[in-house]
Each structure stands twice: as C-alpha cells, then as structure tokens.
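Reading through the structure tokens given below for one structure.
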Amino acid sequence: MSRLAQTEGLTDIQREILSTVRDFVDKEILPVATELEHRDEYPTAIVEGLKELGVFGLMIPEEYGGLGESLLTYALCVEEIARGWMSVSGIINTHFIVAYMLKQHGTEEQKEYFLPKMALGEIRGAFSMSEPGLGSDVSAITSKAVRDGDEYVLNGQKMWLTNGGTSTLVAVLCRTGEAREGVAPHKAMTTFLVEKEPGFGEVRPGLTIPGKIEKMGYKGVDTTELIMDGLRIPADRVLGGTPDRGFYQMMDGVEVGRVNVAARGCGVARRAFELGVAYAQQRHTFGKPIAQHQAIQFKLAEMGTKVEAAHAMMVNAARKKDSGARNDLEAGMAKYLASEYCKEVVEDAFRIHGGYGFSKEYEIERLYREAPMLLIGEGTAEIQKMIIGRRLLEEYRTQD
C-alpha cells in the first residue's frame, strides 16, 4: 500500500471496508475505466458491483437497511473510487447527498419509504439547485412551486444534474414564496422529493429530461437539464413536511458534498502521482531513468506533498462534521485545496509523461480532462474563498 494518504485512528471495520473497496477499484474499475470513458459509456457493471458491496447505503442508518457508517468512512471510500475513475464517485455522490438530506431533514414517513430502497441502490438519487442563468447565486432561482390543494405545481428549468437520467429520485429546490420586503430570498425556498422513471424525454407527466450534456471530461455519468412544466407533486413530498426550509436543507447537503469533492480531488491526485512516479522510473533520457534527474525529483516531491496535505485536510473536515460541530470552514478549505492541488498534480504528471501524456493510450490524458470539473463542482474556488473568508472573520473578529 502507498505510504501517502494514510489515515490514523481508523477502526478495524473501517480498515476492512476500505480494503474491500480498494480491491474492487483495482480489479473492477481501473482495468476498464479509460475504455468506458472514451466511449462515454455508463458503467453499469461497476455500479451493480458497488450495490453488492453496500456502498450506496454506506451512511444510511442501520435501522433503514444501511451500514450506518461515518462521513469519514464514506469520504475515504470515495477517495479510493475516484482514484479508479472519478465519474463513478460522481454517480454515488448525488445519491449520497439526497440520502443524507433525507436522514437529517426528512419526515419519518419519508425516511421509511425512501431510505431502505436507497440503501440497496433500488432508488437512486440526484439533486437539483442550479439553473441556466444563475451560476453560484442559488438565492436567485426562478423555478416556482405554487400550492394547489394537496399538491404543488412546479414550473421552471434546472441545470447540471449529475445522474439526471439514471436517477429515480431528484431533490429539487424551488421558490415557494414571492419576494417580500424584509424577508431574505432564501427563506422562501422549498425542497421537493420528485420521483420519476429513469431515462430521457418525459419521465413523468410535466417533467422532461432532455438528454445528456456533452462534456470535455467526467464522462460515463449522465449530466442533464431538468424541465418542469405543470409538474404536480403531492404536499407530503416536501422534504421535512414544512415548506420554506429548502435552502438550509440544500446547503447542509452541499456542505457534506464539499467533503466528497475534496475526497475525489485526493483520489484523482493520488492516481496521477502513481502514474507520474511509475513513468518517471520507466522512461530513460541521457542514459538514465528520468526519475534520477533532479528536476523530476523536485516535481515528484511537490506532487507527493500536495497529495498528503489535501488528504489531511479532507480527513479533518470529515471528522469535524462527524463530531456534530459546524464544519463549513473546514469543508470549504478542504474542497478548495484538494481541487486546486489535484489540478496541479495532474498537470505535473502530464508533464512528466511528455508527448505521451497527450496520447489517449495513456491514462493521464483522461485525468487531465477530469480534474477541471473539481474546480467548479459544489462551488467554485471563488465561492469557497468567500465562505472561508467570512468564517475566518467571524472567528477572529476584533472588538469595535
């Protein structure tokens, strides 16, 4: 096992889970990832294998059929899976966020209905905040839900749904109140639990998933739009049963999602380091392996240090959340650092490969196209720095 990215203080159960996932990645994901990615093919066999391992229910409580594990255990598993193929970790991430939101905020009826099926992977989750025109400004959403008796009628267009086609449950954020003086916009938003058929086109009356968005990287997993036109949702499918709490519920989900993205960055960076350090020992120039050239050793030293630092911050953020403490500062820092370092480590591994890094025959070419998604997923670097800056000012505020 690599000396890098080790985690102290794990239980025997956590180590056993990680070992099982690591073996699955080495045997079932790495050998086929690049081929599937080049074909933009959904990894059905891999997903079925992860279902059998119980990964889809990793953080779902045992009373609902899950494994009841911590965010730390989940994040370390995601790190291993992203090391194999980042798209697979994305398939799990949105499912995990919806399950977490249900666990934290759902009514008992909602938990009993959804969580056991989600633990088995029978119901697969996606969540939807973003819209075509708002970018990072979630408070500016225009999708609306209007109460009509025992139902709500939803209208609007959403953007960037990971698992938009393959999911059967989407947590959708809509505006449920008009702007009023003295009332913040985010206090008039509601999260709806929208069940649908998998696939594209009209997946239930009033709900259309147009098709996959073509992407530079992050292939295999489907990324889609979502169009609501007179979509009727029963009032008992409001997350938590009470409207106007959706923004806080979504932000809670995104907070743990940022730990997940940090873990993905750690996994991709670790794989890039592995590829770079191996190639540097195989490739010869001027009569010796390029790993013996000081310039390459310096590059490897920087790469290894970044892998280790990002992993430590990700673990710290996960443990903070598991303790029950507020972790938006730690999650923001971990996501920011891990995604930036991932980009840099991947680029350095790409440079070590020289011209061969530009060839699709080499795995680093795929990683080079995948890493940029982490810079924007779950909030851009600029958003993370805003969160970090504000929280630091709260912590270190001086007396007026």
Side-chain angles (χ1 to χ4, degrees), residues 5 7 9-29 43 46-106 111-112 114-127 162-163 166-169 171 221 252-267 311 314-315 317-324 327 331 334 378:
T7 310
L10 297 181
T11 65
D12 290 341
I13 292 175
Q14 287 175 313
R15 283 193 289 269
E16 183 178 345
I17 290 172
L18 283 175
S19 177
T20 301
V21 171
R22 189 178 300 115
D23 287 346
F24 181 86
V25 168
D26 288 339
K27 295 174 183 176
E28 306 296 335
I29 298 182
I46 292 172
V47 170
E48 290 302 315
L50 291 174
K51 283 184 186 178
E52 292 180 13
L53 291 181
V55 171
F56 282 91
L58 199 57
M59 278 190 68
I60 293 175
E62 292 181 6
E63 60 263 36
Y64 300 109
L67 298 179
E69 273 295 329
S70 64
L71 177 59
L72 175 61
T73 307
Y74 179 81
L76 294 174
C77 288
V78 165
E79 181 181 22
E80 293 294 340
I81 292 168
R83 173 181 158 267
W85 185 12
M86 193 182 76
S87 293
V88 178
S89 65
I91 291 170
I92 299 165
N93 182 40
T94 56
H95 175 88
F96 150 72
I97 290 176
V98 177
Y100 173 83
M101 290 168 61
L102 273 161
K103 181 184 75 169
Q104 295 296 109
H105 306 287
K111 293 177 186 178
E112 290 177 356
F114 287 112
L115 289 180
K117 299 182 181 70
M118 295 185 80
L120 295 172
E122 294 175 358
I123 289 179
R124 303 264 293 285
F127 80 108
T162 301
N163 294 324
T166 50
S167 61
T168 53
L169 173 66
V221 59
D252 190 24
V254 167
E255 193 172 282
V256 293
R258 285 181 178 138
V259 176
N260 178 290
V261 172
R264 284 197 260 179
C266 292
H311 176 84
M314 179 271 290
V315 168
R319 282 181 162 151
K320 190 85 169 181
K321 188 72 173 178
D322 284 333
S323 74
N327 88 324
E378 313 295 7

Test item: T94 side-chain N/O and F127 main-chain N/O as donor-acceptor pair under 3.5 Å:
no

Go through the side-chain N and O atoms of N260 and E378 and say whether any donor and acceptor fall under 3.5 Å apart.
no

Summary of side chain to side chain donor-acceptor pair (under 3.5 Å) pairs that have at least one residue in residues 57-71, sequence neighbours excluded
Y64-E108, E69-T73, S70-T73

Atom pair CG (D23) and CG (L18), whose distance is rounded to the nearest 0.5 Å
11.0 Å

Closest non-hydrogen atom pair between A171 and M101, with its separation
CB-CE, 4.4 Å

Side-chain heavy-atom pair F96, L71 within 4.5 angstrom cut-off
yes

Once you round to the nearest 0.5 Å, how far does CD1 of I17 lie from CZ of R22?
12.0 Å

Side chain to side chain contact (heavy atoms under 4.5 Å, CB included) assessment of M59 paired with V256:
CA-CA 12 Å; M59 278 190 68; V256 293; over 6 Å; no

Working to the nearest 0.5 angstrom, can you tell me the gap between L50 CG and S89 OG?
10.5 Å

Check each of E16, E80, E79 against V21 using the side chain to side chain contact (heavy atoms under 4.5 Å, CB included) test, and report the only one that passes.
E80

Contacts of E255 meeting side chain to side chain donor-acceptor pair (under 3.5 Å) (sequence neighbours excluded), chain-then-number -> K321

Just by distance, do the side chain of R15 and the backbone of L10 share a donor-acceptor pair under 3.5 Å?
yes

Minimal heavy-atom distance between I123 and T168, with the atoms involved, is CA-OG1, 3.5 Å

Give me the atom names and distance for the closest heavy-atom approach of S167 to G125.
CB-C, 4.0 Å

V98 and R124, any side-chain heavy atoms less than 4.5 Å apart:
no

Would L76 and Q14 count as a side chain to side chain contact (heavy atoms under 4.5 Å, CB included) if you check the C-alpha gap in whole Å, the side-chain angles of each, and the deciding distance to 0.1 Å?
CA-CA 9 Å; L76 294 174; Q14 287 175 313; 5.8 Å; no

With a 4.5 Å cut-off on side-chain heavy atoms, are V259 and Y74 touching?
no

Point-to-point distance, once rounded to the nearest 0.5 Å, from CG of L120 to CZ of F56:
11.0 Å

Which heavy atom of C77 sits nearest to which heavy atom of L58, and what is that distance?
SG-CD2, 3.8 Å

So, for G257 and I97, which heavy atoms are closest and what is the spacing to 0.1 Å?
CA-CD1, 3.8 Å

Assess, by modelled atom type and distance only, whether the side chains of H95 and N163 contain a donor and an acceptor separated by less than 3.5 Å.
no

Value rounded to 0.5 Å, distance of CD1 in I92 from CD1 in I81:
3.5 Å

Do T7 and H311 meet the criterion of a side-chain donor-acceptor pair at a distance under 3.5 Å?
yes

Just so I know, are the side chains of L169 and M118 near enough to count as touching, which here means a heavy-atom distance under 4.5 Å?
yes

Heavy-atom check, side chain of F24 versus side chain of I46, under 4.5 Å
yes

Between A334 and A317, the two heavy atoms sitting closest are CB-CB, 4.1 Å

Verdict with supporting geometry, V221 and T166, side chain to side chain contact (heavy atoms under 4.5 Å, CB included)
CA-CA 9 Å; V221 59; T166 50; over 6 Å; no

Can you confirm whether K320 is buried at NZ, in the sense that more than 12 heavy atoms of other residues, nucleotides or ligands lie under 6.0 Å from that atom?
no

For the pair D322 and R319, find out whether any cationic side-chain nitrogen is under 4.0 Å from an anionic carboxylate oxygen.
no

Could you tell me if the side chain of V78 sits less than 4.5 Å from the side chain of N93, heavy atoms only?
no

